[in-house]
Amino acid sequence: MFTKDLSKSIKQLPGFGKARRTLCAAGAIIVVIILAALVPAAAMPRASSAIPAEAGPAIVRPEAMRWVSYLNGDRVNALAFEGTRLWAGTEDGGVIAWDTATGDYEQYLITDGLASDVVNAVVVDGAGDKWFGTWEGVSRFDGQSWRIYTTADGLADNHVYAAILDNAGRIWFGAQGGISIYDGHAWTTYRVADGLAHDHVWALFQDRSGHIWAGTEDGVSVFDGATWTSYREADGLVSKTVLAIAEDAVGHLWFGTRAGVSEFHNGTWTNYTTANSGLAANWILSILVDGQGDRWFGTDGGGASKFNGTTWRTFTRGNSTLGSNSVGAMIADGAGHIWFGTTGGISAHDEIAWSDLLLTDGPACNHINTMMADSKGVLWVGSDTGVTRITGLDAIPTWRSYGEADGLPSAWVRRLAVDAGDDLWAATAGGVGRFDGNSWDAFTTADGLISNDLLSVAVDPSGRKWFGTNGNGVSQLDDRGTASHGDDVWTTYSTAQGLGGNIVIAIAAAPDGSVWFATLGGGLSSLKDGAWTTYTVADGLPSNDVTQVIVDRVGGVWISTMAGAARFSAGVWTAYTVADGLPSGDIISVGLDRQGRAWFGTLAHGLYRLEDRGTPDKADDRWTDFTPTNALLQSQVRALTTGPGDILWVGAYGGGINRMTPPLIFFPMIPHR
């Protein structure tokens with residue numbers, strides 16, 4: 001579940017309440033915790049696999065619990081001003097509303113009314129309504145309530161990339177399936193059949209004559225109110241894929257593409273690339289013309305280039321405090337500041353100084369692969385872009401993220417483990433990272449590791465470290481504890497020695513000295529006192545694609561698989577599948593809370609909790625489901641761990657971190673009807 005190739009090998013396994021955050025004057029982050037409301041029975045979502053209580057295991061409703069969501073909202077796709085409030089649409093962190101005078105902000109997520117936390121476009125209309133083009137439709141926010149528009153309402157496609165407000169007050173949306181216009185009452189749609197160059201629309205712009213320009217996957221089209229006219233590479237456009245459009249003070253049109261910039265005036269095209277100009281990079285994400293008439297080009301990886309008609313100047317992370325070198329949005333305010341929306345937050349520039357707007361209470365990114373709490377109550381989070389350290393879990397959390405610049409061998413972190421000395425060990429796509437609380441050290445194949453493409457890590461009771469690879473078996477490290485790697489001892493295990501499979505996605509060490517290995521295709525293997533044992537479907541596993549393994553407090557072994565979960569105790573396997581009452585079988589993570597209850601994260605169906613009544617008969621088991629409709633921000637749950645205060649931490653892939661505390665009031669469990 002951690003690499004694209006790996007996702008293919010296990011079929012589809014890849015690669016809410018409002019949480020408002022205010023930046024206080026003292027710099028502390030205050031999180032308002034929302035208590036999930038208990039809704040009437042008729043309003044509760046039905047679970048398709050629910051079994052009536054009298055017939056067997058029942059799916060019950062979640063109790064009222066306190067949920068807090070943490071999402072990184074620093075990957076900015078779109079910007080729009082409403083007075084001094086700056087609205088930012090983010091890649092998968094919802095919408096951030098910034099007060100540019102104070103730095104305070106509010107974050108709005110799916111359960112606030114957004115159709116999706118992936119927001120590509122933002123428009124504020126004349127009535128003050130905010131319109132958000134998202135990955136799952138359009139959301140409108142009037143400051144109090146939300147409404148979602150989708151293809152069912154007339155939208156051309158739910159994957160919306162662009163939005164503009166025209167001179168008549170209509171909202172235009174560019175989507176993956178064409179252009180839709182909403183006049184407040186009805187929808188009008190244009191596609192290739194109507195004259196549009198291509199149905200995949202990346203950008204929209206209205207010029208001073210009132211014509212609408214659409215940047216598409218196959219050229220640019222202009223609409224004069226009656227007909228569409230298209231221009232492509234054969235006409236002079238530098239590239240067919242047009243991602244950004246703007247008009248300068250003298251009426252020249254500028255088009256940002258994946259291969260440079262094209263200027264268009266009076267039927268003549270002039271192209272600018274890194275080869276013939278001072279443009280920083282050819283992949284253009286955004287264009288802005290400022291009050292002085294200068295043209296700004298936000299690039300993917302090259303920063304922001306400014307062109308005054310004669311000379312070029314580029315701002316990057318190297319010569320400014322620009323949030324990152326990928327600039328997806330730009331906007332100017334009334335005071336002459338240029339605001340840059342980047343993959344590293346929002347940066348403002350006034351030709352003299354830079355200032356930044358950056359969320360500080362979230363993970364390195366929202367694609368969470370793993371989490372764990374150490375003995376000191378520190379929560380460690382591994383994501384696609386690094387490791388995040390969270391302290392103060394029972395009060396106001398403090399966040400600190402680490403990436404390759406800090407010494408990680410790769411920012412793609414698959415699993416984490418902590419040793420007896422509280423050193424953190426990270427299995428990454430580029431080797432092993434060890435953090436001693438101050439600095440990172442790296443171990444790679446040059447040191448004896450069998451492969452740098454790691455999927456898992458564990459520390460056994462004797463202090464040895466185990467690393468599972470993506471196809472090369474397991475490397476065991478006997479680290480002698482010195483600064484030098486020269487005295488380390490490495491041992492490799494593969495199917496040749498008895499391991500069930502060479503793709504080892506999870507490892508767990510038991511108190512009795514046994515080490516357990518979850519493999520893809522090879523079942524579950526254990527190594528104890530030099531002897532290997534492998535369990536497969538023939539022994540009682542739901543599937544040989546084992547996605548997680550953990551050991552409970554009494555030595556029982558729990559696994560998750562793509563066909564359900566199972567527990568191994570006293571030599572006997574107990575399986576939990578759809579036939580046994582599990583709502584769905586796509587289990588990719590498993591965790592245990594302080595009460596000993598098992599929690600299962602799924603590929604696409606959220607989170608399940610099992611309350612096993614301790615009898616051989618599974619008919620009295622109780623399942624509780626947590627989904628984006630009642631708790632979570634995303635349905636794919638890869639990481640589960642508990643922290644101080646019986647808090648359950650849930651890491652979702654694309655949905656950041658959900659923090660759940662025990663219910664304030666316990667309600668009776670009511671089975672679905």
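These values consider heavy atoms only, across backbone and side chains, with no hydrogens, waters or symmetry-generated copies. What you see is a predicted model; the values in this text were computed from it and never measured.
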Worksheet item: Nearest heavy-atom pair of Tyr608 and Ser584: which atoms, and what distance?
Response: OH-OG, 2.8 Å

Practice prompt. State the CZ-OG distance between Phe600 and Ser589, to the nearest 0.5 angstrom.
Written response: 9.5 Å

Worksheet item: Gln206: what forms a side-chain hydrogen bond (donor to acceptor under 3.5 Å, both in side chains) with it, not counting sequence neighbours?
Response: none

Worksheet entry | Whether Asn366 side chain and Asp92 backbone form a donor-acceptor pair below 3.5 Å | yes

Worksheet item: Just by distance, do the side chain of Trp146 and the backbone of Ser139 share a donor-acceptor pair under 3.5 Å?
Response: no

Item to complete: With the side chain counted from C-beta on, respond yes when Leu322 and Thr342 share a heavy-atom pair under 4.5 Å apart, and no when they do not.
Response: yes

Discussion item. Treating Thr100 as the side-chain partner and Thr84 as the backbone partner, does any N or O pair qualify as donor plus acceptor under 3.5 Å?
Written reply: yes

Worksheet item: What are the two closest non-hydrogen atoms of Thr316 and Gly303, and how far apart are they?
Response: CG2-CA, 4.4 Å

Worksheet entry | Contacts of Ser209 that satisfy side chain to side chain contact (heavy atoms under 4.5 Å, CB included) - sequence neighbours left out | Asp207, His211

Worksheet item: Do any N or O atoms from the side chain of Thr602 and from the backbone of Ile587 form a donor-acceptor pair under 3.5 angstrom?
Response: no

Worksheet item: With sequence neighbours left out, what residues match Ala175 under side chain to side chain contact (heavy atoms under 4.5 Å, CB included)?
Response: Asp157, Val160

Worksheet item: So, Ser262 side chain and Val238 main chain: donor-acceptor pair closer than 3.5 Å or not?
Response: yes

Discussion item. Quick test of your reading: applying salt bridge (Lys or Arg N to Asp or Glu O under 4.0 Å), list the pairs with at least one residue in residues 254-265, sequence neighbours left out, ordered by first then second residue.
Written reply: Glu217-Arg258

Response to the item:
Closest non-hydrogen atoms of Gly236 and Trp269, given as atom of the first, atom of the second and distance, are O-CB, 3.7 Å

Fill in: Pairs where residues 183-192 contributes a residue and the test side chain to side chain donor-acceptor pair (under 3.5 Å) is met, not counting sequence neighbours
Ser180-Thr189

Fill in: Where Ala364 and Ser383 come nearest, the two heavy atoms and their spacing
CB-OG, 3.8 Å

Item to complete: Assess the pair Trp296 and Phe315: is the distance between their ring centroids shorter than 6.0 Å?
Response: yes

Practice prompt. Please tell me if the side chains of Asn658 and Val68 come closer than 4.5 Å, counting only heavy atoms from C-beta onward.
Written response: no

Practice prompt. Without swapping roles, check the side chain of Lys130 against the backbone of Gly128 for a donor-acceptor pair under 3.5 Å.
Written response: yes

Worksheet item: Which residues pass the side chain to side chain contact (heavy atoms under 4.5 Å, CB included) test with Asp74, sequence neighbours left out?
Response: Asn72, Leu358, Leu359

Practice prompt. Answer with yes or no after comparing the ring centroid distance for Phe307 and Tyr272 against a 6.0 Å cut-off, counting only values under it.
Written response: yes

Worksheet entry | Test log, rule side chain to side chain contact (heavy atoms under 4.5 Å, CB included), inputs Phe626 and Val637 | CA-CA 11 Å; Phe626 301 86; Val637 177; over 6 Å; no

Worksheet item: For Arg317, does its backbone N or O pair with a side-chain atom of Ser324 as donor and acceptor, under 3.5 Å?
Response: no

Practice prompt. Can you run down the salt bridge (Lys or Arg N to Asp or Glu O under 4.0 Å) pairs that involve residues 223-237, sequence neighbours left out, and say none if there aren't any?
Written response: Asp218-Arg232

Practice prompt. Please test Asp125 against Trp131 for side-chain hydrogen bond (donor to acceptor under 3.5 Å, both in side chains), starting from the C-alpha separation and ending with a verdict.
Written response: CA-CA 8 Å; Asp125 68 20; Trp131 298 79; 2.9 Å; yes

Item to complete: Quick one: sort the His159 and Trp135 rings into parallel, tilted or perpendicular, breaks at 30° and 60°.
Response: parallel

Discussion item. Taking salt bridge (Lys or Arg N to Asp or Glu O under 4.0 Å) as the cut-off, I'd like each qualifying pair that reaches into residues 236-249, sequence neighbours left out, listed once.
Written reply: Arg208-Glu247, Asp248-Arg295

Worksheet entry | With Ala163 via side chain to side chain contact (heavy atoms under 4.5 Å, CB included) - residues at least two apart | Ala121, Val123, Phe173

Worksheet item: Can you check whether Val242 reaches Thr216 side chain to side chain, under 4.5 Å on heavy atoms?
Response: no

Discussion item. Please confirm whether the ring centroid of Trp87 lies under 6.0 Å from the ring centroid of Tyr105.
Written reply: no

Item to complete: Evaluate the ring planes of His198 and His200, with Trp represented by its six-membered ring, and classify them as parallel (under 30°), tilted (30 to 60°) or perpendicular (over 60°).
Response: tilted

Worksheet entry | Side chain Asp199, main chain Val192, donor-acceptor under 3.5 Å | yes

Practice prompt. Indicate whether the side chain of Ser230 and that of Ser221 have a donor and an acceptor atom separated by less than 3.5 Å.
Written response: yes

Worksheet item: Any side-chain heavy atom of Ser347 sitting closer than 4.5 Å to one from Ser355?
Response: no

Worksheet item: Heavy atoms, side chains only, cut-off 4.5 Å: are Tyr161 and Gln176 in contact?
Response: yes

Worksheet item: Between the side chain of Gln107 and the main-chain N/O of Gly93, is any donor-acceptor distance below 3.5 Å?
Response: yes

Fill in: Between Phe132 and Phe141, ring centroids under 6.0 Å
no

Discussion item. Are the side chains of Ile657 and Val650 in contact, using a 4.5 Å heavy-atom criterion?
Written reply: no

Worksheet entry | Output field: ring centroids Trp254/His252 closer than 6.0 Å | no

Fill in: Tyr653 versus Gln634, side-chain donor and acceptor atoms under 3.5 Å
no

Worksheet item: Met330 versus Ser286: any side-chain heavy-atom pair under 4.5 Å?
Response: yes

Item to complete: Measure the shortest side-chain to side-chain distance between Trp213 and Phe223 over non-hydrogen atoms and say whether it is less than 4.5 angstrom.
Response: no

Worksheet entry | All pairs passing salt bridge (Lys or Arg N to Asp or Glu O under 4.0 Å) where residues 163-178 contributes a residue, at least two apart | Asp166-Arg170

Worksheet item: Passes side chain to side chain contact (heavy atoms under 4.5 Å, CB included), Trp172 versus Ile212? Steps please.
Response: CA-CA 9 Å; Trp172 294 62; Ile212 301 293; 3.7 Å; yes

Worksheet item: Shortest non-hydrogen contact from Leu204 to Ala162?
Response: N-CB, 3.9 Å

Identify all side-chain donor-acceptor contacts of residues 278-285 below 3.5 Å with residues at least two apart in sequence or on another chain.
unit_1 : atom_1 : unit_2 : atom_2 : d
Asn282 : OD1    : Thr274 : N      : 2.9
Asn282 : ND2    : Thr274 : OG1    : 3.3

Worksheet item: Any idea how Phe264 and Phe255 line up, ring-wise: parallel (<30°), tilted (30 to 60°), or perpendicular (>60°)?
Response: tilted

Fill in: Asp117 (side chain) donor-acceptor with Gly655 (main chain) under 3.5 angstrom
no

Item to complete: Would you check if there is a donor-acceptor pair between the side chains of Thr257 and Thr241 at a distance under 3.5 Å?
Response: no

Fill in: Over all atoms of both residues, closest heavy-atom pair of Ile287 and Ala246
CG2-CB, 3.5 Å

Practice prompt. State which residues pass salt bridge (Lys or Arg N to Asp or Glu O under 4.0 Å) with Arg140; sequence neighbours excluded, sorted by chain then number.
Written response: none

